[in-house]
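For reference, the structure discussed in these notes is given below.
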Amino acid sequence: MINQELALTSNGKEDLIILDPNKIIQERKSKLEAIEKQLSGFNSFEEGKDETEIKRESEFESRKKELGLESNLISPEEREKIYQKIIDESRDLAEREHENFLVLEKEKKILQYLIDNLHETEECIQMPMSKECKVSIVIPVYGEREYIFRPLESLTVQEGVSNKDFEAIFVVNNPGNVPERNMSKETEDDYKRKVDHYHRALRENQEVLKILDLINGNEVEVELNPEEKRVVEKIKELEIRIFAIDKASPGKTLPDGEANVGGARNRGVAEAVSRFYEQKGENGIIAQTDGDSFMRNGYVRSIIKAFEERPDLVGAVGKLQFEDIGEIQFSTELEKMLSVKYIYEYLTMRIKNLDSRNEESIAREEKPKIHFSGANMMSRAYEAALVGGIEKIGGGEDPNFGAALFKIGKIDRLPKVEVLTTDRFSPRTDVDCGHGQDRIKTQEMINKNGELLVRSAEGVFFLKNIEEEFWKIASEQGISLENLQSLLSFQGVCMLENDDLKSIVQEMEGIADISDLSKEKEERLEFFSRKLYAFIDKAFPHEPVMQEAEKIIDLYFQKYNRSRVQYENALQEGIKKQDGFVEMRRKNLKSILDILFENKKENLTPGEALEILIKNSHKLSFKPEMLRAEEDRVDLLADKINTCATKEEAFDAIASDFKDNFISVTEDAARLMKEKLIALRYVIDNHNNI
């Protein structure tokens with residue numbers, strides 16, 4: 001653990017004397033060199049028998065002679081006992097040496113990660129980590145002035161923990177220059193949205209930095225409304241540790257190619273790893289969310305509890321709820337269709353993989369079924385460093401992080417770790433990544449075609465065949481112009497131009513497996529993949545999602561001649577479960593309305609409605625404080641109380657406004673289709689056991 005020089009300020013609080021960054025870097029490098037020297041004595045674990053093992057065997061033989069194992073004076077039974085004791089001692093020594101080797105290897109990777117990501121020029125947080133701190137929350141911020149008080153306020157309402165149990169690191173960031181357009185992906189509209197957002201973010205980031213400075217006791221001029229001032233004062237009163245890493249001001253931005261959401265997350269993660277490793281010397285927890293998120297009041301407590309109770313857990317994703325802020329107008333029906341689309345696309349790939357059970361395809365299937373989201377994901381600090389932190393890309397960095405953790409340990413879902421985030425679109429995210437980008441593209445498709453279309457199962461299977469054959473040829477023969485022309489021919493026509501084929505052959509020279517591809521080569525080959533997809537989309541036109549979803553169910557049972565009994569049972573269980581949630585919502589709404597009408601006042605305000613529910617919380621099956629983060633729902637309740645004569649009338653009005661929450665799954669075609677696909681997924685998961 002690198003020593004930090006501490007001093008007490010006049011008010012008795014710990015403060016950190018500013019150290020020379022070069023000194024810290026040198027200490028890391030010196031420690032890394034020392035570890036590498038120690039590791040050089042463990043060659044046996046990489047090269048077989050070495051001097052350590054030879055020495056152990058020599059000592060073993062000497063002990064045998066000293067103990068008279070060669071002498072007839074010792075009975076065979078005693079000889080066997082002594083002999084076994086020597087074997088056990090030798091085995092224990094080997095295990096201890098192996099454990100030491102693994103510990104040193106782990107520490108080496110952590111140090112290398114810090115050296116690679118916290119350079120001499122980096123301005124690190126000066127205040128030391130609290131001795132009680134268990135969770136460091138990393139929050140990337142890009143143009144979040146309108147939303148930044150959501151995470152700030154949520155930090156003030158954490159229950160069941162001390163304010164010293166956690167800290168928050170806000171990484172305020174933007175590129176140093178106007179983003180360039182990706183001609184292979186972005187339309188003119190995509191690029192305009194991105195540039196407009198960038199210029200707005202430049203202004204807003206400076207405002208956010210001032211707010212964080214104000215929270216930390218600096219005298220700055222920043223305009224705040226009364227509610228924002230209240231939150232600032234509350235944070236100061238509770239002495240919550242909130243830090244800012246400035247990657248937004250001129251001369252401080254992340255390098256070109258890293259000034260994206262992945263780069264910002266990684267910078268905060270590196271800081272948190274350093275604080276746990278170098279200041280506390282223990283493996284704490286790093287939680288990650290977004291600059292527009294509200295962490296529920298049990299957020300920190302639930303994270304600590306889960307990781308303390310499960311030592312094998314290296315990473316997890318929590319429950320994520322989206323709040324409609326009206327930024328993008330999407331109908332509830334479309335949202336349900338999108339859910340159907342996501343499951344349909346996943347299942348088409350799963351079914352295709354059932355046909356190709358070679359080693360390569362099995363390896364490709366070995367991916368986590370748990371999808372990480374940057375708005376609510378967490379990991380142990382050291383493990384975050386062991387996987388190289390967060391990939392410095394503009395989208396998809398979060399599921400990639402989950403996949404990397406999956407390779408080294410246990411990951412899971414933690415439904416009690418709840419985050420409420422805004423349902424909005426970020427032009428910063430790569431156009432082929434992220435929930436918001438997908439919704440924008442879907443809306444554009446709906447506007448153009450009148451319905452949600454998806455690639456047909458036949459088209460997916462055709463593409464999958466090409467992919468598998470491509471890599472099979474690459475590993476067995478190498479890609480040539482001739483075999484590429486044969487592979488990419490469809491109904492007598494090659495799907496790519498001859499010049500494209502020659503370029504692919506050139507890029508694939510010496511490449512036998514996808515793991516051999518450099519990032520640069522992968523990006524260049526992506527250009528040809530898009531041209532190939534365009535051809536196939538014409539050959540296999542996209543079809544309505546509901547039609548294709550029904551088709552994939554029938555296709556599976558016809559293709560494999562399987563009974564539908566297991567599928568039907570799973571479907572009925574799913575419907576029963578979802579209808580149970582509907583009944584619970586109806587019951588909760590009735591309880592809320594009973595309380596509000598019993599305490600009805602003329603022109604009831606949302607604030608008064610909330611206070612009434614809090615006072616009568618013992619009559620409810622949930623904590624009404626949850627409504628604090630859902631102002632729209634409280635507003636709706638107050639409005640219905642004021643405009644409806646009876647609680648029955650109010651119930652019917654609310655149930656009508658939120659119809660999907662109060663009707664059976666069987667009355668909703670899209671929700672029923674989703675349950676059908678989930679039942680099919682259950683059957684596919686058990687495909688080999690049927």
Side-chain angles (χ1 to χ4, degrees), residues 150 153-154 157 159 227 294 296-298 319-339 415 418-424 574-672 674-675:
R150 289 169 61 87
E153 182 178 16
S154 69
V157 298
E159 297 179 348
E227 181 61 20
F294 186 96
R296 300 292 195 185
N297 53 24
K319 182 179 180 181
L320 191 60
Q321 295 174 306
F322 290 93
E323 180 182 0
D324 182 9
I325 58 173
E327 183 173 300
I328 306 175
Q329 295 300 322
F330 268 83
S331 68
T332 305
E333 194 66 26
L334 179 56
E335 293 290 2
K336 291 183 292 184
M337 290 291 186
L338 277 171
S339 295
E418 295 185 66
V419 164
L420 176 68
T421 195
T422 59
D423 197 2
R424 63 193 183 106
I575 292 173
K576 181 179 178 182
K577 180 179 179 180
Q578 293 303 317
D579 282 352
F581 292 144
V582 170
E583 185 56 37
M584 181 179 67
R585 285 192 288 269
R586 295 175 68 89
K587 182 179 178 181
N588 286 339
L589 178 57
K590 287 180 179 178
S591 298
I592 288 172
L593 292 175
D594 283 344
I595 292 170
L596 291 177
F597 270 87
E598 285 174 7
N599 298 272
K600 186 176 179 180
K601 299 179 181 179
E602 188 175 352
N603 295 322
L604 184 71
T605 68
E608 290 171 338
L610 182 60
E611 289 305 314
I612 290 171
L613 292 175
I614 291 174
K615 288 179 182 178
N616 292 273
S617 59
H618 59 283
K619 299 179 182 179
L620 300 171
S621 60
F622 63 94
K623 291 185 177 181
E625 291 92 328
M626 292 173 60
L627 294 170
R628 286 191 187 278
E630 301 180 40
E631 296 178 2
D632 289 345
R633 297 191 182 188
V634 179
D635 288 347
L636 175 69
L637 284 170
D639 178 65
K640 297 305 179 186
I641 296 296
N642 292 327
T643 57
C644 296
T646 66
K647 57 187 178 184
E648 290 79 15
E649 184 182 338
F651 180 92
D652 290 341
I654 294 173
S656 176
D657 288 344
F658 296 91
K659 181 180 177 182
D660 294 320
N661 292 320
F662 295 97
I663 62 171
S664 169
V665 172
T666 55
E667 300 175 61
D668 188 321
R671 286 168 62 206
L672 180 58
K674 180 179 177 180
E675 291 303 317

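Small disclaimer: the values here were computed from a predicted structure and weren't measured.
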Original post:
With no hydrogens and no angle check, is any side-chain donor or acceptor of R671 less than 3.5 Å from a backbone partner on Q578?
Top reply: no
Original post:
Is it the case that more than 12 heavy atoms not belonging to K640 sit under 6.0 Å from its NZ atom?
Top reply: yes
Subject >> Residue pair T422 / R150, side-chain heavy-atom distance below 4.5 Å >> reply: yes
Original post:
Considering only heavy atoms from C-beta outward, does the side chain of L596 approach that of L613 to under 4.5 Å?
Top reply: yes
Original post:
Got a sec, which residues hit salt bridge (charged side-chain N to carboxylate O under 4.0 Å, His left out) with K619, two or more places apart in sequence or on another chain?
Top reply: E598
Original post:
Who pairs with K647 by side-chain contact (heavy atoms from CB on, under 4.5 Å), at least two apart in sequence or on another chain?
Top reply: L593, D594, F597
Original post:
Does a side-chain heavy-atom distance below 4.5 Å link N616 with L620?
Top reply: no
**OP:** Looking only at non-hydrogen atoms, find the nearest pair between R585 and N661 and report the distance.
**Re:** NE-O, 2.8 Å
Original post:
Are the side chain of D635 and the backbone N or O of P606 linked by a donor-acceptor pair below 3.5 Å?
Top reply: no
**OP:** For E227, check side-chain contact (heavy atoms from CB on, under 4.5 Å) against everything at least two apart and list the hits.
**Re:** E153, N225, R230, V231
Original post:
Should I654 and L637 count as side-chain neighbours, where that means a heavy-atom distance under 4.5 Å?
Top reply: yes
Original post:
Would you find a donor on one side and an acceptor on the other, under 3.5 Å apart, between the side chain of S617 and the backbone of I614?
Top reply: yes
Original post:
Does F294 reach the side chain of V157, with side-chain heavy atoms less than 4.5 Å apart?
Top reply: yes
**OP:** Determine the minimum heavy-atom distance between A670 and K336, stating which atoms define it.
**Re:** CB-CB, 3.8 Å
Original post:
Say you draw a straight line from CG of N599 to CD of E611; how long is it, rounded to the nearest 0.5 Å?
Top reply: 12.0 Å
Original post:
Is there a donor-acceptor pair closer than 3.5 Å between any side-chain N or O of N642 and the backbone N or O of L604?
Top reply: yes
Original post:
How many angstroms lie between NZ in K590 and CD in E648, if you round to the nearest 0.5 Å?
Top reply: 9.0 Å
Original post:
Where the side chain of R586 meets the backbone of F662, is there a donor-acceptor pair that is under 3.5 Å apart?
Top reply: yes
Subject >> Approximate separation, where rounding is to 0.5 Å, of I641 CD1 and E602 CD >> reply: 14.0 Å
Original post:
Less than 4.5 Å apart, any side-chain heavy atom of Q321 and any of R296?
Top reply: yes
